Number of protein chains: 2
Amino acid sequence: MKITFRGDYALKAVLDLALHYGDELVTIHDMAQRIDAPVKFLEQILLDLKKGGFIESRRGKVGGFLLSKPPYNVTVGDVVRFIDGSIEPIACVKDKYVSCKDVYKCVFRKIWQDVYEATSNVIDNVTFGQLAIKAGAAEHALEYSI
Amino acid sequence: MKITFRGDYALKAVLDLALHYGDELVTIHDMAQRIDAPVKFLEQILLDLKKGGFIESRRGKVGGFLLSKPPYNVTVGDVVRFIDGSIEPIACVKDKYVSCKDVYKCVFRKIWQDVYEATSNVIDNVTFGQLAIKAGAAEHALEYSI
DNA sequence: ATATACTCTACTATGTTAATAGAGTTTATA
DNA sequence: TATAAACTCTATTAACATAGTAGAGTATAT
């Protein structure tokens, strides 16, 4: 699995919306400032996330973005897979284990499968609800540390 | 972690040498045929592996390549890290956990660390000695299955 | 001598990434 | 109803990585 800047921004964007879940809408401009992303690049990513059903938007003067689903129903794995594509270390894990004529391929397949499963096990078991709590706690800690 | 063709070929090359450990030298030509790699591309990769201390070579008429160390002393992780570089999902895992002013970064760091460790745990615990036995067994199985 | 096999450097086509640019659409509100 | 604020959509680009290809050079057994 390789996380690109695009994926990184997408994750931060969803976390930002999770932190504002239930509040007012979040504008691209405000979000870009908080997560330190180029506005026009973030635009594209938010549009993608919208197509993926992760977020919704309202246009016009008081427009902005919001999460489509409660933060506890979205995992890091959902976002990563959608934005950055397959998390397999090499494109062969899902191949069927048929005859396996190529001994050299065959031998490594189990390794890639193990890596894939170990990775999934991490990213599919963290929701943005959990992350929002951590981030909220961290923000809180910062307020008092100044 | 993302395995490139380069990395894939390198792993197969080392496995091929592991399968011939103690026998005669292996030529690029023969190896390329067995692991299904372009000869000239494989050349470069073998030269890299040599620079990395994984393999040795003999030039001239009866030249070829051989493993520098016993197959049980080389892991998949060793080769992958050397050829394809860092196995981190994103370049931040090794950053020190100092003040963590950026809450958004901070929250995801532990996830990438977990993925990194889970991945290491797989690839650093498989040696080419183990793989050679599996591949040998598979080749043997094939002989009898025809 | 010479054939065989490794060595080294340079080049290239293709694709991906990380943006940037700009015109267009929607909507609240003064 | 004009307008500012905010989302929408398509195109373009610079830089870099990947997966090779090409070719000249060096070493060595016979």
Side-chain angles (χ1 to χ4, degrees), chain A residues 1-13 16-17 20 24-52 54-68 80 83-86 89-91, chain B residues 1-13 16-17 20 24-68 80 82-87 89-92:
Chain A
M1 182 178 60
K2 190 81 210 302
I3 306 295
T4 63
F5 270 71
R6 196 179 190 80
D8 188 44
Y9 290 146
L11 289 167
K12 289 173 181 167
D16 195 57
L17 294 181
H20 291 86
E24 309 113 35
L25 302 186
V26 173
T27 67
I28 295 180
H29 184 266
D30 287 355
M31 183 190 286
Q33 211 160 345
R34 280 194 295 267
I35 73 176
D36 193 30
V39 175
K40 297 296 282 179
F41 193 23
L42 185 57
E43 267 184 12
Q44 295 176 1
I45 296 165
L46 290 178
L47 268 291
D48 272 0
L49 286 171
K50 193 181 164 186
K51 277 181 201 143
F54 293 96
I55 67 180
E56 288 170 26
S57 62
R58 303 280 177 266
R59 294 171 79 156
K61 186 128 186 188
V62 293
F65 291 88
L66 72 157
L67 228 49
S68 302
V80 167
I83 297 291
D84 278 340
S86 168
I90 189 170
Chain B
M1 181 179 61
K2 189 80 210 304
I3 307 296
T4 63
F5 269 72
R6 197 179 189 80
D8 188 44
Y9 290 144
L11 290 167
K12 288 173 182 167
D16 195 57
L17 294 181
H20 291 86
E24 310 112 36
L25 303 187
V26 173
T27 67
I28 295 180
H29 185 267
D30 287 355
M31 183 190 287
Q33 211 161 345
R34 280 194 295 268
I35 73 176
D36 192 31
V39 175
K40 296 296 282 180
F41 194 25
L42 186 57
E43 265 184 13
Q44 294 177 1
I45 296 165
L46 291 178
L47 269 291
D48 272 0
L49 286 172
K50 192 181 164 187
K51 277 180 201 144
F54 293 95
I55 66 179
E56 288 170 28
S57 62
R58 303 282 177 266
R59 294 171 78 154
K61 186 128 187 187
V62 293
F65 291 88
L66 72 158
L67 229 49
S68 301
V80 167
F82 180 73
I83 297 291
D84 278 338
S86 170
I87 67 163
I90 189 170
C92 80

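Predicted model, so just to flag it, every value in this text is computed and none were measured. Below, chains carry the letters A, B, ... as their sequence lines are ordered, and counting in each starts from 1.
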Peer 1: Hey, does Ile28(B) reach any base, or is it just sugar-phosphate, or nothing, if we go heavy atoms under 4.0 Å?
Peer 2: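 Sugar-phosphate contact only.
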
Peer 1: Report the relative orientation of the aromatic rings in Phe41(A) and Tyr9(A); use parallel for angles under 30°, tilted for 30 to 60°, perpendicular for over 60°.
Peer 2: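 Phe41(A) vs Tyr9(A) ring planes: perpendicular.
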
Peer 1: Tell me which pairs pass salt bridge (charged side-chain N to carboxylate O under 4.0 Å, His left out) where either residue lies in residues 40-52 of chain B, with sequence neighbours left out.
Peer 2: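 Non-adjacent pairs meeting salt bridge (charged side-chain N to carboxylate O under 4.0 Å, His left out): Arg6(B)-Asp48(B), Lys40(B)-Glu43(B).
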
Peer 1: Regarding Phe41(A), tell me which of base, sugar-phosphate or nothing describes its non-hydrogen contacts under 4.0 Å with the strands shown.
Peer 2: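 Base contact.
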
Peer 1: In whole Å, what is the span from the CD atom of Glu24(A) to the P atom of dA28(C)?
Peer 2: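 That distance rounds to 16 Å.
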
Peer 1: Sequence neighbours left out, what passes salt bridge (Lys or Arg N to Asp or Glu O under 4.0 Å) with Arg58(B)? Give chain and number order.
Peer 2: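 Partners of Arg58(B) by the salt bridge (Lys or Arg N to Asp or Glu O under 4.0 Å) criterion, ordered by chain and then number, come out as Glu56(B).
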
Peer 1: Can you tell me if Asp30(A) has over 12 outside heavy atoms packed within less than 6.0 Å of its CG?
Peer 2: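 Count over threshold, so yes.
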
Peer 1: Please state how far atom CG in Leu66(B) lies from atom C1' in dA5(C), giving the value in whole angstrom units.
Peer 2: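 The distance from CG of Leu66(B) to C1' of dA5(C) comes to 14 Å, rounded to the nearest Å.
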
Peer 1: Calculate the interatomic distance between Leu47(B) atom CG and dA5(C) atom P; express it in whole Å.
Peer 2: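 These atoms are roughly 16 Å apart.
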
Peer 1: Within this structure, what is the CZ-to-P distance between Arg59(A) and dA28(C), rounded to whole angstrom?
Peer 2: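 Nearest whole value for this atom pair: 12 Å.
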
Peer 1: Relative to the 5' end of DNA chain C, which residue comes earlier, Gly63(B) or Arg58(A), by the nucleotide with the nearest heavy atom?
Peer 2: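 The residue mapped nearer the 5' terminus is Gly63(B).
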
Peer 1: Round to a whole Å and report the spacing from CG of Leu25(B) to P of dA5(C).
Peer 2: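 From Leu25(B) CG to dA5(C) P: 11 Å.
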
Peer 1: Expressed in angstrom and rounded to an integer, what is the separation of Gln44(B) atom CD from dT12(C) atom P?
Peer 2: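 In whole Å, dT12(C) P and Gln44(B) CD are 15 Å from each other.
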
Peer 1: Does a salt bridge link Lys12(B) with Asp16(B), judged by any charged N lying under 4.0 Å from a carboxylate O?
Peer 2: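 No, Lys12(B) and Asp16(B) are not salt-bridged.
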
Peer 1: Can a side chain N or O of Ser57(B) be found less than 4.0 Å away from OP1 or OP2 on dT7(C)?
Peer 2: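 Yes, because at least one side-chain N or O of Ser57(B) sits under 4.0 Å from OP1 or OP2 of dT7(C).
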
Peer 1: For Phe5(B), does the CZ atom sit with more than 12 other heavy atoms under 6.0 Å from it, leaving out its own atoms?
Peer 2: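 Open.
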
Peer 1: Under 4.0 Å, counting only non-hydrogen atoms across every strand here, what does Lys50(B) touch: a base, just sugar-phosphate, or nothing?
Peer 2: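 The residue Lys50(B) makes sugar-phosphate contact but no base contact.
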
Peer 1: By nearest atom, which of the nucleotides dT17(C), dG22(C), dC8(C) is closest to the Thr4(A) side chain?
Peer 2: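 For Thr4(A), the side-chain atoms sit closest to dT17(C).
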
Peer 1: Using atom types as modelled and distance alone, determine if a side-chain donor or acceptor of Ser68(B) lies under 3.5 Å from a backbone N or O of Phe54(B).
Peer 2: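 Yes, the answer is positive, given that a donor and an acceptor are paired below the 3.5 Å cut-off.
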
Peer 1: Does Val26(A) reach a base, just sugar-phosphate, or nothing at all? Heavy atoms under 4.0 Å.
Peer 2: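 The residue Val26(A) makes sugar-phosphate contact but no base contact.
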
Peer 1: Taking any atom closer than 4.0 angstrom to a non-hydrogen atom of chain A, what span of DNA chain D does the protein reach, first nucleotide to last?
Peer 2: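 So the contact region on DNA chain D extends dA5(D) to dA11(D).
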
Peer 1: Nearest heavy atom decides the nucleotide; on that basis, is Gly60(A) or Gly7(A) closer to the 5' end of DNA chain C?
Peer 2: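 Counting from the 5' end, the first nearest nucleotide belongs to Gly7(A).
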
Peer 1: Quickly work out the Asp48(A) CG to dA19(C) C1' distance and round it to whole Å.
Peer 2: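 Nearest whole value for this atom pair: 14 Å.
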
Peer 1: Do Arg6(A) and dT17(C) share a donor-acceptor pair, side chain to base, under 3.5 Å?
Peer 2: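 A donor-acceptor contact between them is absent.
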
Peer 1: Specify the separation, in whole Å, of atom NZ of Lys40(A) and atom P of dA18(C).
Peer 2: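 Going from NZ in Lys40(A) over to P in dA18(C) covers 19 Å.
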
